[in-house]
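Data block below; observations after.
Labels below follow one simple rule: chain letters A, B, ... track the order of the sequence lines, proteins then strands, and each chain is numbered from 1. Because the structure is a prediction, the values reported are computed rather than measured.
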Amino acid sequence: MSRLVLIDGSSYLYRAFHALPPLTAPDGSPTGALFGIVNMLRATLKENPDYVAFVVDAPGPTFRDELYPQYKANRPPMPDELRAQVEPMMQIVEALGFPILRVPGVEADDVIGTLALQAHEAGIPVTISTGDKDFAQLVRPGITLTNTMTGSITDDAGVVEKFGVRPDQVVDLLALMGDTVDNVPGVEKCGPKTAAKWLAQYDSLDGVMAAAADIGGKIGENLRAALHRLPLNRELVTIKTDVALEQAPQALKLRERDADALRGLYARYGFNAALRELEGGKPDPATRPAQATLAAATHAAEEAPDPALAAPGEYECITGSDALAAWVERLQAADLVSFDTETDSLDPMRANLVGLSFAVEPGKACYIPVGHDYPGVPAQLPRGQVLDALRPVLQDAGKPKLGQHGKYDLHVLRRHGVEVRGYAEDTMLESFVFDAGGLRHDMDRLARKHLGYQTIKYEDVAGKGARQILFSAVALDDATRYAAEDADITLRLHRVLSAKLAGEPTLQTVYRDIEMPLVPVLARMEATGVLVDAAELRRQSADLSQRMLAAQQRAHEIAGRAFNLDSPKQLGALLFDELKLPVVVKTPGGAPSTNEEALEAIADQHELPRLVLEYRGLAKLRNTYTDKLPEMINPDTGRLHTSYHQAGAATGRLSSNDPNLQNIPIRTADGRRIRTAFIAPEGRRIVACDYSQIELRIMAHLSRDAGLLRAFESGQDVHKATASEVFDVPLDEVSGDQRRAAKAINFGLMYGMSAWGLARQLGIGRGEAQDYIALYFGKYPGVRDFMERVRQQAREQGYVETVFGRRLQLAEIHSRNQAQRAGAERAAINAPMQGTAADIIKRAMVSVDAWLAGHRDQAAMLLQVHDELVFEAEAGFVDTLVAEVRRRMEAAASLDVALVVDVGVGRNWDEAH
DNA sequence: GTCGATACGTAC
DNA sequence: GACGTACGTATCGACG
């Protein structure tokens, strides 16, 4: 069937200009927009449309200007860089053979609308190629929109999805929203969401206008104030479909292209891929212009795995002494031993060893069961005998071992009397340094991604949910297939990942010098655990419970009925539906939020919000900390053992879980009290060492901003020093509010915060916040340049880097979704600072642990909280420890600004701060 | 009963 | 929409 494609040239030109980097031709003339247009045209040609037209605006006034003299009055003149690309664009369009339509006195939109409808009536399907959402009003069965820059196609369902209204309601939606670019004011504060909501309720603009009196709140007032404008708006946003045109759609045939002219134009503007295509060759990735390769680069990692990698393996179950001896010999002879353990628990501090598996060459692996126990289980080798036989291999630091998340296995084996040395490779960490921020790094996923191999899942052999059985109850042949596969796949994965890593020396250094040495250090910290005063926590729980009950009873009294204080839904219904308190914050789901900010905002209007806040604070402490921590104390050690996740956070930070000891409260008095329960044993002290302002120092280093560097050199409180500079007052005259503002800016900037966010944070106006930021950047221009550089790097490379070369991937940086893209840009700004801080403390941990190796009886490293290391030490050893730890932490990186470590000592963690 | 999504809140 | 990185708890509704 034949088809008509109508190209909205003007909209593409503007959008390509703003979306693409300011590329230049070999001769220096701007080509960014042109490049976008050329790619769009080539994409259109690949579709082989029967009829096609390239439509652009003609100069001069149109009917809309007559209707509304202010129409487009605020539109800035076309930038010179863009204007310079208009003529070349027309030449290329012409040379490609596209019919060009430019009708005086008629906007391109109306030409397109008219042609679309004419073709539609003639039974010809129409595709409108545009970046302009207004065309959604023309969509119907047979007329669709396409945007080749984003790859999106919009049909009826697409309109509903995108706007939340039917295509025939789009005009009404646009009339309500208005259009700032065209200087058409809509209803103030009414965006697409509100407009769609009203239209869902009242069906049409006329319906909304008729119901205007019933709509409450500020926005209702705004609507009533805008009523008189709305009919005109509707007329302005309606695309005409009845313009008098000379050509019928059927006349819009593509002419033959002018290859000579094209060759000249492409060469002149440096469009190499297009040139190559013209010559009949295939596009060459190496010479593609920058952003074409860039878009491809984000997907390039997914090269097809070699089918041979996914071949099934031969797995042996070892239940006899001879077979064991033979395998030990193979392990002794191997360059690298892949190993894995099977247990009966996910908690490595409690798990019992059920079996071990090994592989030394791809496809060949064994499973050695030592603890399977079910009716009719075959005889197995005694665990002691197996571990004795394996110990020489596993404990030999000169025999490199390989695992997947081997820290777990190190724990299990240590608790069974085997001290693994020479743990040299870990596929989880190899994958992590390659793609932090990408998918998770569990073996199943890695196998699918890099080997194209579907592993047997744990639940396939052990079941799941209530029916899950212990691994010790799994039949030996099932267990062998599952367990031997783990060792085998780990080895195969390592072959692939280590080869990839070899091609990236910087990443290899991060892996080899930071991540791998950290594994035994973390294992040691986890194994040591921290002593917790369970009785103290239980006392606190009792106290909290009492106060919670009081708050709850009072809340029910005030409400006049019982309700669940823990249910945001019930609470929201009470506060906002029954009591009609104002809604200041909405949840991401659109419901009225009952979060702290929302309750604070209405706390002066009713007693209830304050009580809820009180209750929430108490409940959080009890439910998350004082009730839970005592339960998690390990009965064998009497201590609390967290588990650090080394490949979790996209920035390279560690995370802590089971329990999370990185979010123990400190800000409020009640919360802080929990830290008094983290204690040192008799005769010992808790020592807490934290980096002072490490991320801000890293920002000073990375930005090389002279002013910020100076602020640190002075050795003063840095927020005060910045306040003094920014507000131009002597250091000792900085007011509390000025310091608070400077601190908020310092931190906010590191998180990519906007003026809007700063205003909210400080409770000031947006304009004032903007002024602060301008003042700040005026004093610290290097910081602003740095931010821009990072954004640029993120867009060009799809990742950013830490000082040590760790790569932080930003998958969403080219997302078509504006919010996601903006989020990725903020993450990009934060990542080099957060990530460098993570690198530094990891290096410090390795260094400190190496020193502690000679003093294991006197001190131990217990916890890491991103910028803080917590130790316990014999009282008489504290001074030595402090001196050595401080020296090593401060020397973990050499930046343009000094690293400073603050130290506290006490009988518990609270005192040590 | 289990699971996942959502809302909320703690840390740095 | 609007401030980055985590983890844990409670509720609630879908699902089997």
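His645(A) and Asn657(A) are not linked by any side-chain donor-acceptor pair at a separation below 3.5 angstrom, with hydrogens and angles left out of the test.
For the OP1/OP2 pair of dT5(C) and a distance below 4.0 Å, the side-chain nitrogens and oxygens of Arg653(A) include no atom meeting the criterion. At the phosphate of dA11(B), OP1 or OP2 sits under 4.0 Å from a side-chain N or O atom of Arg667(A). The side chain of Ser655(A) contributes an N or O atom lying less than 4.0 Å from OP1 or OP2 of dC7(C). Between Asn660(A) and dA11(B) there is no side-chain polar atom (N or O) within less than 4.0 angstrom of OP1 or OP2.
Annotation for Val521(A) and Met845(A): closest pair CG1-O, 3.9 Å, computed over non-hydrogen atoms. Between Ala555(A) and Phe563(A), the shortest heavy-atom contact is O-CE2, 4.1 Å.
One atom, CG of Leu661(A), and another, C1' of dA6(C), lie 13 Å apart when rounded to the nearest Å. As a whole-Å value, the separation of Asn564(A) CG from dG13(C) P is 12 Å. Atom C1' of nucleotide dG4(C) and atom CE of Met753(A) are separated by 11 Å, given to the nearest angstrom. Atom CD of Gln864(A) is separated from atom C1' of dA11(B) by 12 Å (rounded to the nearest Å). Per the geometry, CD belonging to Glu825(A) stands 14 Å off C1' belonging to dG4(C), to the nearest Å. Whole-Å rounding puts the Arg440(A) CZ to dC7(C) C1' distance at 13 Å. Between the NZ atom of Lys743(A) and the P atom of dC12(B) there is a distance of 11 Å, rounded to whole Å. If you take CE of Met632(A) and C1' of dC7(C), they are 11 Å apart, rounded to a whole angstrom.
At the heavy-atom level, Ala831(A) lies nowhere under 4.0 Å from the strands shown. When heavy atoms are screened at a 4.0 angstrom cut-off, Ala819(A) is found touching no nucleic acid atom at all. Within the nucleic acid shown, Gly823(A) has no heavy atom closer than 4.0 Å to any nucleic acid atom. Within the 4.0 angstrom heavy-atom criterion, only backbone atoms of the sugar-phosphate kind lie near Tyr625(A); the bases stay farther away.
No salt bridge links Asp717(A) with Lys720(A); every basic N to acidic carboxylate O contact stays at or beyond 4.0 Å. Electrostatic pairing of Asp543(A) and Arg547(A) counts as a salt bridge here, judged by a charged N lying under 4.0 Å from a carboxylate O. Using a cut-off of 4.0 Å between Lys/Arg side-chain N and Asp/Glu carboxylate O, Lys842(A) and Asp839(A) are scored as not salt-bridged. Note on Glu788(A) versus Arg791(A): salt bridge recorded, some NZ/NE/NH1/NH2 to OD/OE distance being below 4.0 Å. Between Glu596(A) and Lys620(A) there is no salt bridge, since no side-chain nitrogen of the basic residue lies less than 4.0 Å from a carboxylate oxygen of the acidic one.
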query = Between Tyr625(A) and Leu537(A), is a side chain to side chain contact (heavy atoms under 4.5 Å, CB included) present by the stated rule, with each step listed?
reply = CA-CA 8 Å; Tyr625(A) 303 106; Leu537(A) 289 176; over 6 Å; no
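Separation of the P atoms belonging to dT6(B) and dG1(C) is 15 Å when rounded to the nearest angstrom.
Remark: side-chain polar atoms of Arg675(A) are paired, donor with acceptor, to backbone N or O of Pro665(A) under 3.5 angstrom. A donor-acceptor contact shorter than 3.5 Å is absent between the side chain of Arg826(A) and the backbone of Tyr751(A). Asn830(A) places a side-chain N or O within 3.5 Å of a backbone atom of Met750(A) that can act as its donor or acceptor partner.
For Asp867(A), whose side chain is taken as the heavy atoms from C-beta onward, the closest listed nucleotide among dC12(B), dA2(C), dA6(C) is dC12(B). Of the candidates dA11(B), dG8(C), dA7(B), dA7(B) carries the atom nearest the Thr587(A) side chain, counting heavy atoms from C-beta on. Residue Pro665(A) has its side chain nearest to dA11(B) when only dA11(B), dT9(C), dG4(C) are considered. Listed nucleotides dC12(B), dC7(C), dA2(C) differ in distance to Ser754(A); the shortest reach to its side chain belongs to dA2(C).
By the ring pair (Phe, Tyr, Trp, His ring centres under 6.0 Å) test, His411(A) is found to be paired with no residue, residues two or more places apart in sequence or in another chain being considered. Partners of Gln468(A) according to the side chain to side chain donor-acceptor pair (under 3.5 Å) rule, which considers only residues two or more places apart in sequence or in another chain, do not exist here.
A distance of 13.0 Å separates NE2 in His866(A) from CG in Asp690(A), rounded to the nearest 0.5 Å.
Stem regions annotated for DNA chain C: B:1-12 with C:4-15, counting only runs of 3 or more consecutive pairs of Watson-Crick or G-U type with both contacts under 3.5 Å.
Of the residues in residues 565-578 of chain A, those placing a heavy atom less than 4.0 Å from an atom of DNA chain C are Asp566(A), Ser567(A), Lys569(A), Gln570(A), in numerical order. Contacts with DNA chain C (heavy atom under 4.0 Å) in residues 608-623 of chain A: Lys620(A), Asn623(A), listed by number. Contacts between residues 588-598 of chain A and DNA chain C, defined by a heavy-atom separation under 4.0 Å, are absent.
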